[in-house]
Amino acid sequence: MYSSRGNRGRIHLPIWAGAFVALICVAILVLSGWREWSTRDAELQNAEIDMANLAQSLAQHANDTFELTDNVLIGMVHRLQIDGAGIEAIARLQTFIDLRKRGMGRIRGLFVYDETGRWLATSETVSLKDFNNSDRDYFRHHAHLDDRAMLIGRPVKSRSGGQWIITASKRFNHPDGRFAGVVLASLDAAYFAQFFEKFNIGRNGAVSLLNSDGIVLARHPDNDVYIGRDLSSTPLFKERDKHPASAPYYFKSPLDGVQRLSFYKTSENFPLMILATQAQEEVLAPWRQDAATRTMIVVALLTIIAVIGFYFVRQLQARHLMGAALEAKEADFRLLAEESSDMVTRIGMDERIRYVSPSSIRVVGWRPEQLLGTPALAGVNAEDMPRVKAMIATLKWGDEEDARIAYRSRHREKAEIWIESTMRVTKEYGTAEINGVVAISRDMTEHKDLEQKLAALATIDGLTGLANRRHFDEHLEREWARARRDGTTLSLLLIDVDHFKKYNDRYGHQAGDACLKSVAQALAAQARRPADMAARYGGEEFVLLLPDTDSAGCEQMGKKIRDCLAVLGIDHEFNLPSRKLTVSIGGATIDWQDPQAQSSSLIEAADQALYSAKDEGRDRMVMSGPVLAPRLIAPGLTPSLVS
């Protein structure tokens with residue numbers, strides 16, 4: 001009987017082993033699929049942030065351009081309404097326009113028309129008697145409507161130059177108030193398209209400047225193809241009142257049929273909108289490539305579990321060879337991808353310049369003949385010099401064949417600029433001995449400035465000026481790690497404005513924003529130490545992180561915040577019984593009895609304490625018990641009421 005049971009166990013063992021292996025394989029597949037889908041969502045969210053930052057920058061650029069145009073037109077209207085439109089006055093105005101030609105910058109041309117559409121003055125070199133613009137939409141608009149605001153018209157073909165232009169016009173009157181004519185400034189639609197081209201939005205990305213009626217004013221790419229298109233029938237404009245002033249937007253483009261991820265930003269001062277988009281396929285292409293790679297690894301791993309390890313080793317070897325081949329091809333073609341307008345320099349083994357391309361005038365301000373024979377590193381910033389020298393040494397001695405580095409350098413006329421140089425060794429034909437380096441350099445100053453601005457935008461809450469949620473989470477992890485390493489205390493206050501929705505409904509959203517700013521100022525006033533951080537946690541919820549602060553200090557800080565808001569005395573009719581703005585506060589302090597505790601447990605403890613403060617009637621502070629373990633909060637909440 002014993003032998004029979006043993007045989008049955010041996011017979012069933014392969015079945016159980018097979019079932020266990022199958023269960024492991026299914027679990028790996030499910031976890032892998034869940035991870036890939038989460039990664040895909042993260043890629044889309046990161047792309048939304050990038051598009052939002054780009055749209056903000058481009059909207060500011062468009063706003064600045066039309067604000068400059070508006071100022072110029074205001075000056076011309078002022079002259080006409082003071083001096084009149086007589087022959088002598090027009091002659092003086094023409095002289096004024098001629099003197100401004102070189103300094104108009106973004107403005108292509110200036111024009112003045114009388115009440116019949118006849119040209120009186122212009123910055124263009126044309127015969128005035130050959131043109132009449134009374135048939136233009138903007139002219140008819142000003143002739144029939146006494147509106148002193150600047151009108152941004154639909155794009156039209158210039159009669160003087162033939163190119164697509166965006167018109168900005170104003171009406172001017174006779175002394176008796178009758179319509180006297182129109183002053184107009186024209187901006188090349190191509191100017192905006194060329195500016196948009198400077199930003200890397202992918203092969204199928206697009207940036208469009210539209211007016212509030214959905215007319216395309218400029219677009220990159222294919223500006224001349226899509227300019228003037230009417231998009232008012234698209235959901236973005238048909239349901240405009242349902243959308244905020246700026247937001248991410250997923251849609252299938254009616255212009256080229258590409259499924260796009262975008263962010264739109266409406267100008268606060270002019271009837272304009274920036275729509276920055278990326279093709280969703282391009283956004284997800286790196287994820288798909290990485291997902292395919294990771295899937296191959298998972299399949300290889302499952303094959304090893306089911307069969308033997310030989311195929312997995314061969315797969316790794318194949319992937320390594322493939323990666324090496326791709327890196328070699330990238331090195332071969334890297335220099336070919338550089339723009340011809342970049343400065344090309346040939347440097348000898350003595351580190352002196354043997355050849356430099358004519359674009360050196362544009363990049364560093366020096367002519368080629370002035371640079372020949374001079375030390376290649378003469379203009380490099382002293383702080384960056386060691387890095388540049390070390391990189392050139394690795395190239396000269398054959399440790400690397402190519403490299404890229406960014407550094408600061410002197411410019412002949414400007415201040416110090418940022419240069420990015422791609423370098424590759426050159427070799428003697430036949431002997432293959434290294435005889436120098438070829439460097440392709442470009443001015444990266446504007447790019448560096450933009451990086452710094454975008455980095456600042458990514459960490460600050462736009463309404464309150466406090467740190468945003470993302471920046472707070474990063475700071476919390478750093479302080480958590482430091483406190484655990486040093487064995488010091490770490491406290492956190494979670495603050496929620498009482499009945500904030502009722503406040504918004506009663507006083508309006510602008511007052512609600514002002515209320516949040518006041519709370520933020522009160523928090524910022526208490527976060528005085530370098531490591532303290534006040535942040536907007538979401539909506540009307542704020543958080544204050546207090547390193548090296550015990551439970552008593554945390555509680556005292558909560559009392560100061562409530563006292564500070566009480567001094568402000570902000571009215572809140574629906575916050576009974578005080579009828580003043582109050583907050584509920586939950587506090588927590590970490591206890592390092594459990595070295596495996598996580599930062600999320602501190603937030604959860606403060607959140608539970610905040611809920612207790614609300615349940616007990618709001619307008620108070622509740623301290624949590626000590627935080628002992630991840631996702632575990634001590635049951636005893638210690639209420640601390642400061643009335």
Side-chain angles (χ1 to χ4, degrees), residues 461 463-467 472 476 489-504 506-507 511-529 531-590 602-627 633 636-643:
D461 176 63
L463 175 65
T464 64
L466 299 179
F472 168 77
L476 173 60
T489 57
L490 181 65
S491 295
L492 181 141
L493 291 174
L494 205 56
I495 303 103
D496 187 85
V497 180
D498 293 331
H499 298 300
F500 184 71
K501 183 180 185 305
K502 293 181 180 180
Y503 186 93
N504 259 346
R506 171 63 180 86
Y507 300 101
D513 290 346
C515 166
L516 294 179
K517 290 179 182 178
S518 298
V519 175
Q521 290 171 0
L523 290 179
Q526 303 305 323
R528 299 175 180 175
R529 299 177 300 177
D532 293 348
M533 173 173 281
R536 187 181 182 187
Y537 203 63
E540 69 271 18
E541 202 168 44
F542 298 85
V543 64
L544 180 61
L545 185 65
L546 302 167
D548 297 318
T549 303
D550 57 14
S551 180
C554 180
E555 185 174 353
Q556 183 65 25
M557 184 63 73
K559 179 180 183 303
K560 289 181 179 179
I561 293 171
R562 295 185 67 244
D563 290 344
C564 184
L565 291 175
V567 171
L568 293 178
I570 301 173
D571 291 333
H572 188 346
E573 180 179 343
F574 295 119
N575 190 26
L576 301 176
S578 66
R579 296 186 183 275
K580 298 292 183 180
L581 183 76
T582 61
V583 294
S584 297
I585 305 177
T589 301
I590 186 64
L602 184 62
I603 297 175
E604 291 173 5
D607 192 44
Q608 289 291 337
L610 175 60
Y611 273 109
S612 295
K614 291 181 179 180
D615 290 342
E616 293 172 10
R618 293 184 169 86
D619 188 18
R620 63 198 63 215
M621 175 179 174
V622 171
M623 283 296 296
S624 165
V627 180
I633 302 173
L637 296 175
T638 305
S640 174
L641 308 183
V642 185
S643 300

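- For Ser491 against Leu545, the heavy-atom pair with the smallest separation is O-CD1, 3.6 Å.
- To the nearest 0.5 Å, atoms CZ (Arg579) and CD (Glu573) are separated by 6.0 Å.
- The distance from atom CG of Leu492 to atom CG of Leu602, rounded to the nearest 0.5 Å, is 5.0 Å.
- Taken from CG in Asp496 to OG in Ser584, the straight-line distance is 6.5 Å, to the nearest 0.5 Å.
- Taking the six-membered ring for Trp and thresholds of 30 and 60 degrees, Tyr503 and Tyr507 have ring planes inclined between 30 and 60 degrees apart.
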Practice problem: Go through the steps for Leu581 and Val497 under the test side chain to side chain contact (heavy atoms under 4.5 Å, CB included), then give the verdict. | Solution: CA-CA 8 Å; Leu581 183 76; Val497 180; 3.5 Å; yes

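- Closest heavy-atom contact between Leu490 and Pro547: CD1-CA, 3.6 Å.
- Between Leu523 atom CG and Leu493 atom CG the span is 8.5 Å, to the nearest 0.5 Å.
- Closest heavy-atom contact between Ala535 and Phe472: CB-CB, 3.7 Å.
- Distance check: Ile585 CD1 to Lys559 NZ gives 11.5 Å after rounding to the nearest 0.5 Å.
- Using modelled atom types, one side-chain atom of Thr489 and one backbone atom of Thr549 make a donor-acceptor pair closer than 3.5 Å.
- Applying the salt bridge (charged side-chain N to carboxylate O under 4.0 Å, His left out) definition to pairs two or more places apart or across chains, those involving residues 533-543 are Asp461-Arg536.
- Residues Leu565 and Val519 form a side-chain contact, since some pair of their non-hydrogen atoms from C-beta on lies under 4.5 Å apart.
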Exercise. Would you check, one step at a time, whether the test side chain to side chain contact (heavy atoms under 4.5 Å, CB included) holds for Leu476 with Val543?
Key: CA-CA 11 Å; Leu476 173 60; Val543 64; over 6 Å; no

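- A 6.0 Å sphere centred on CZ of Arg529 holds more than 12 heavy atoms belonging to other residues, nucleotides or ligands.
- Here the shortest heavy-atom pairing between Met623 and Ala609 reads C-CB, 4.3 Å.
- Residues Lys517 and Leu463 form a side-chain contact, since some pair of their non-hydrogen atoms from C-beta on lies under 4.5 Å apart.
- Using a cut-off of 4.0 Å between Lys/Arg side-chain N and Asp/Glu carboxylate O, Arg528 and Asp532 are scored as not salt-bridged.
- Here the CG-CD distance, from Leu516 to Gln521, works out to 11.5 Å after rounding to the nearest 0.5 Å.
- Val583 and Ile495 get closest at one heavy-atom pair: CB-CG2, 3.7 Å.
- The nearest pair of heavy atoms linking Lys580 to His572 is C-CB, 3.6 Å.
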